[in-house]
Amino acid sequence: MLEEWERARRERAAVEKKLPPLPGAVEGKVVTRFAPNPDFAIHLGNARPAVLSYEYARMYKGKFILRFEDTDPRIKAPLPEAYEAIREDLRWLGIRWDEEYIQSLRMEVYYEVARKLIERGGAYVDDMPGEEFRRYRDEGRLERYPPRLRSVEDNLELWDKMLEGAFGEGEAVLRVKTDPSHPDPSVRDWVAFRIIDTSRSPHPLVGDRYVVWPTYNFAAAVDDHLLGITHVLRAREHMQNTVKQIFLYKHMGWQYPHVIHFGRLKLEGMIMSKSAMKEIAGAEGLARIDDPRFATIAGLRRRGIVAETIKKIILDVGVKQTDASISYANLASLNRSIVDPKARRYMVVVDPIPLLVVDLPWEKKVFEIPFHPGQNLGSRRIVVEGPQTTLYISASDLSLLRRGAIVRLMEAFNIEIVEVGRELVKARYHSESLEEARRHRAQIIQWVPAKENVEVEVLKPEGLVLSREQGLGEPALASASVGEICQFVRYGFVRIDQVLRGESESRTRIVAIYAHD
RNA sequence: GCCGCGGUAGUAUAGCCCGGCCAAGUAUGCGGGCCUCUCGAGCCCGUGACCCGGGUUCAAAUCCCGGCCGCGGCACCA
């Protein structure tokens, strides 16, 4: 019987979600990439293409490339610190990349391709005002748009002038020739290069060295080919871009990689949009990118969500084209199952109420309590003085206490309640064994010695609100380390965010962030 | 408005390409029970879905058409 359960359990574990096969994938030949814009930290939504691309590359023993797409120093100006922040988040997620590229450092490459494209008659310089182009385009007269009819020679000459800085911002662009009557107007002769006055908006990496900048569609398309990307995994919002880029590939005689589009990934009850984060940061003045209310990778990490959880949830959601809205309960449950066997248990009382216990049959007793009920995670000792002592219990447990009730102080002894007040609870020693507690159907509650304890503050993210709870923790908490994910017994899983050691050992103060039940 | 893509339980996902084995599987949530020195974990039972309408077929979640709903794109952003 037991064996059967065991087997069923193992089978269930083996049903681990697998990624569907990639179309046209050949083992050892798959090359994928993650191409973030380093203008912000990455969040769960961005982590999706990163994790999927990386996992597919691994699955086929291929190559995974990290590429920073920082070709807009004006509207989406890169943040110098974002490059490293993104690398850190990826490393934390367990993602390793075989090659790394930064587009702003590859400008000559794009210029070269642009020249070839012009030579092939696939692009032209448009030095007319934007409204003029739009008029021709929207009236279906794009075939007769004068700049489009220019000779290759003239285009090359104008292109050189662009590069030399003869045009100011908005005065000229290089356009890729597409189907002039494509049903989607935005596809018609899309812009490959535009001019950005980098003396006014310098690029954090290359300053004002360049004024002619490739657009996303040009740079990404060129790099995907040059770097030998075989499979592109990207969100659905890029569908039209795929259509646009294929025109470039046709001009160049390149083969377009396989593309997989997936829907959006939202995390219910968490802040995910850049603007909302900035709003909060602005309003409170102190919110950081790793604010535990944010669905940034840094925010989730700080909250005690483990990398494995994020990877699993992304693999579980897979590559469907529909949007997915993950509930936090689901994420929490997954995280709990990973973290539970490794998390030390600590006793913390929130909103402490003093408990005076008399008639203790000892002068001093040391309780040795394991850090985990099942796993071997070591133990700690808690000293209780006698014949009378003061402890703290949680105010939330007050409702369990009535005169005459038997209550067990977890992992220690049983008491009989004598008097319950809001300021003080009085009790007397009853017995020590757990069996005795069971016999009286005693409630088991956590407790903290009054003589030695640490101050605890818990930050609880709840949607837009970050509430705080104050409490006291058992002495062992003083040696907890920052980053440790543990469980406050009968309270929930938390991550230790700060450990502030005071003058005396006994006045340690810790700040924890609530993760989930 | 114009282009495009989707719609399986509260949430997520499997099945859809190659119709029948699907009166639809799994996880989570929810309800109940057991177990446990935690309101955690574990175990058992239950709950609950194929957007709607036509068509094709002996047979449709799976194929076709229409509708409805949702999402994305329509930048000299990525």
Side-chain angles (χ1 to χ4, degrees), chain A residues 5 8-9 12 15 17-18 20 35-40 46 69-72 74-78 103 126 130 133-134 138 169-175 182-188 190-196 212-217 219-220 234-244 261 263-266 268 312-313 315-318 320-334 336-337 339-341 343 345-347 369-370 372-375 396-397 408-414 433-435 437-438 442-446 487-493 516-517:
Chain A
W5 285 348
R9 209 166 141 187
R12 217 165 308 147
V15 180
K17 171 86 196 221
K18 267 178 289 173
N37 178 344
D39 68 337
F40 206 69
N46 309 325
E69 302 201 322
D70 57 348
T71 60
D72 182 8
R74 186 179 42 183
I75 299 167
K76 284 200 175 166
Q103 290 191 321
D126 177 3
F133 169 82
R134 256 163 268 143
D138 298 340
E169 235 173 56
E171 288 175 6
V173 294
L174 186 76
R175 289 185 183 278
H182 188 96
D184 182 345
S186 80
V187 171
R188 318 217 261 251
W190 53 272
V191 172
F193 287 85
R194 79 292 207 190
I195 287 160
I196 294 171
V212 178
W213 287 84
T215 57
Y216 161 78
N217 272 311
R234 53 157 84 117
R236 244 172 24 154
E237 66 215 51
H238 287 292
M239 277 181 159
Q240 300 309 309
N241 291 327
T242 303
V243 174
K244 293 178 190 179
H261 294 286
R264 276 201 177 177
L265 188 57
K266 281 174 285 188
E268 210 172 83
K312 271 198 175 152
I313 205 98
L315 294 180
D316 186 50
V317 169
K320 283 222 316 187
Q321 279 204 34
T322 41
D323 291 351
S325 172
I326 307 290
S327 64
Y328 188 75
N330 217 137
L331 186 85
S333 149
L334 197 49
R336 190 187 298 120
S337 69
V339 138
D340 183 84
R345 270 53 176 177
Y346 292 104
M347 294 195 287
I369 307 173
H372 196 284
Q375 312 291 321
S396 58
D397 284 330
R408 177 162 180 83
L409 299 176
M410 194 172 160
E411 297 278 5
F413 52 93
N414 312 318
S433 74
L434 176 62
E435 290 66 39
R438 288 234 174 88
Q443 291 280 351
I444 296 168
I445 64 172
Q446 74 276 28
Q487 189 203 46
F488 289 172
V489 171
R490 299 210 305 143
Y491 182 84
F493 289 88
H516 45 73
D517 289 344

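- A/D72 and A/P78 make their closest contact through O-CD, 3.7 Å (heavy atoms, listed as atom of the first residue, atom of the second, distance).
- Distance noted for atom P between B/G25 and B/A61: 14 Å (whole Å).
- Spacing between B/G40 and B/U47 at atom P, rounded to whole Å, works out to 24 Å.
- Rounded to whole Å, the separation between the P atoms of B/C43 and B/A27 comes to 10 Å.
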query: Once each nucleotide of nucleotides 73-78 of chain B is scored for protein heavy atoms under 4.0 Å, what B/S/- sequence comes out, 5' to 3'?
result: SS-BBB

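- Between A/A329 and A/A324, the residue whose closest nucleotide on RNA chain B is further toward the 5' end is A/A324.
- Residues forming a side chain to side chain donor-acceptor pair (under 3.5 Å) with A/D323 (at least two apart in sequence, or on another chain): none.
- Stem list for RNA chain B (at least 3 consecutive Watson-Crick or G-U pairs, distances under 3.5 Å): B:1-7 with B:68-74, B:10-13 with B:25-28, B:29-34 with B:42-47, B:51-55 with B:63-67.
- Not counting sequence neighbours, the partners of A/R74 by the salt bridge (Lys or Arg N to Asp or Glu O under 4.0 Å) test are A/E169.
- B/C45 and B/C50 are spaced 24 Å apart, taking the P atom of each and rounding to whole Å.
- Atom P of nucleotide B/A27 and atom CD1 of A/I326 are separated by 17 Å, given to the nearest angstrom.
- The interatomic distance linking A/L334 (CG) with B/G29 (P) rounds to 11 Å, in whole Å.
- If you measure from atom NZ of A/K266 to atom P of B/A12, you get 9 Å, rounded to the nearest angstrom.
- A/L334 and A/K312 make their closest contact through CD2-CB, 3.7 Å (heavy atoms, listed as atom of the first residue, atom of the second, distance).
- Scanning for salt bridge (Lys or Arg N to Asp or Glu O under 4.0 Å) contacts around A/E171 gives an empty result, with sequence neighbours left out.
- Taking A/Y328 as the reference, nothing meets the ring pair (Phe, Tyr, Trp, His ring centres under 6.0 Å) condition, with sequence neighbours excluded.
- Remark: the separation of the C1' atoms in B/G70 and B/C63 is 24 Å, to the nearest Å.
- For the pair A/D138 CG and B/C3 C1', the computed distance is 13 Å after rounding to whole Å.
- Residues satisfying the salt bridge (Lys or Arg N to Asp or Glu O under 4.0 Å) criterion with A/D70, sequence neighbours excluded, are absent altogether.
- The shortest distance between side-chain heavy atoms of A/F133 and A/V173 does not fall below 4.5 Å.
- For A/N330, there are no side chain to side chain donor-acceptor pair (under 3.5 Å) partners at least two apart in sequence or on another chain.
- For A/I313 and B/G29, the CD1 to P distance is 12 Å, given to the nearest whole Å.
- Applying the salt bridge (Lys or Arg N to Asp or Glu O under 4.0 Å) criterion to A/R175, with sequence neighbours excluded, gives A/D126.
- As rounded to the nearest Å, B/G46 and B/U26 have P atoms that lie 11 Å from one another.
- B/C68 sits 30 Å from B/U28 when the C1' atoms are compared, rounded to a whole Å.
- The interatomic distance linking A/Q375 (CD) with B/U36 (C1') rounds to 15 Å, in whole Å.
- Only the C1' atoms considered, B/U56 is 16 Å distant from B/G20, to the nearest whole Å.
- Put simply, CZ on A/F493 and CG on A/D340 are 4.0 Å apart, with the number rounded to the nearest 0.5 Å.
- When the side chain to side chain donor-acceptor pair (under 3.5 Å) test is applied to A/R490, the partners found at least two apart in sequence or on another chain are A/D397, A/Q446.
- The distance between atom CE of A/M239 and atom P of B/G6, rounded to the nearest whole Å, is 6 Å.
- Separating the CD atom of A/Q321 from the C1' atom of B/U8 is a distance of 17 Å, rounded to the nearest angstrom.
- Phosphate proximity of B/G6 to A/K320: absent, as no side-chain N or O sits under 4.0 Å from OP1 or OP2.
- With sequence neighbours excluded, the residues satisfying side chain to side chain donor-acceptor pair (under 3.5 Å) with A/E69 are A/R67.
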Restricting both atoms to N or O, compile the protein contacts to nucleotides 38-41 of chain B shorter than 3.5 Å, with distance only.
{"residue": "B/U38", "atom": "O2", "partner": "A/Q487", "partner atom": "OE1", "Å": "3.4"}
{"residue": "B/U38", "atom": "O2", "partner": "A/Q487", "partner atom": "NE2", "Å": "3.4"}
{"residue": "B/U38", "atom": "O2", "partner": "A/R490", "partner atom": "N", "Å": "3.1"}
{"residue": "B/U38", "atom": "N3", "partner": "A/Q487", "partner atom": "OE1", "Å": "2.9"}
{"residue": "B/U38", "atom": "N3", "partner": "A/Q487", "partner atom": "NE2", "Å": "3.4"}
{"residue": "B/U38", "atom": "O4", "partner": "A/R345", "partner atom": "NE", "Å": "2.8"}
{"residue": "B/U38", "atom": "O4", "partner": "A/R345", "partner atom": "NH2", "Å": "2.9"}
{"residue": "B/C39", "atom": "N4", "partner": "A/D397", "partner atom": "OD1", "Å": "3.3"}
{"residue": "B/C39", "atom": "N4", "partner": "A/R490", "partner atom": "NE", "Å": "3.4"}
{"residue": "B/C39", "atom": "N4", "partner": "A/R490", "partner atom": "NH1", "Å": "2.4"}
{"residue": "B/C39", "atom": "N4", "partner": "A/R490", "partner atom": "NH2", "Å": "3.0"}
{"residue": "B/G40", "atom": "O4'", "partner": "A/Q487", "partner atom": "NE2", "Å": "3.1"}
{"residue": "B/G40", "atom": "O2'", "partner": "A/D340", "partner atom": "OD1", "Å": "3.0"}
{"residue": "B/A41", "atom": "OP1", "partner": "A/R336", "partner atom": "NH1", "Å": "3.1"}

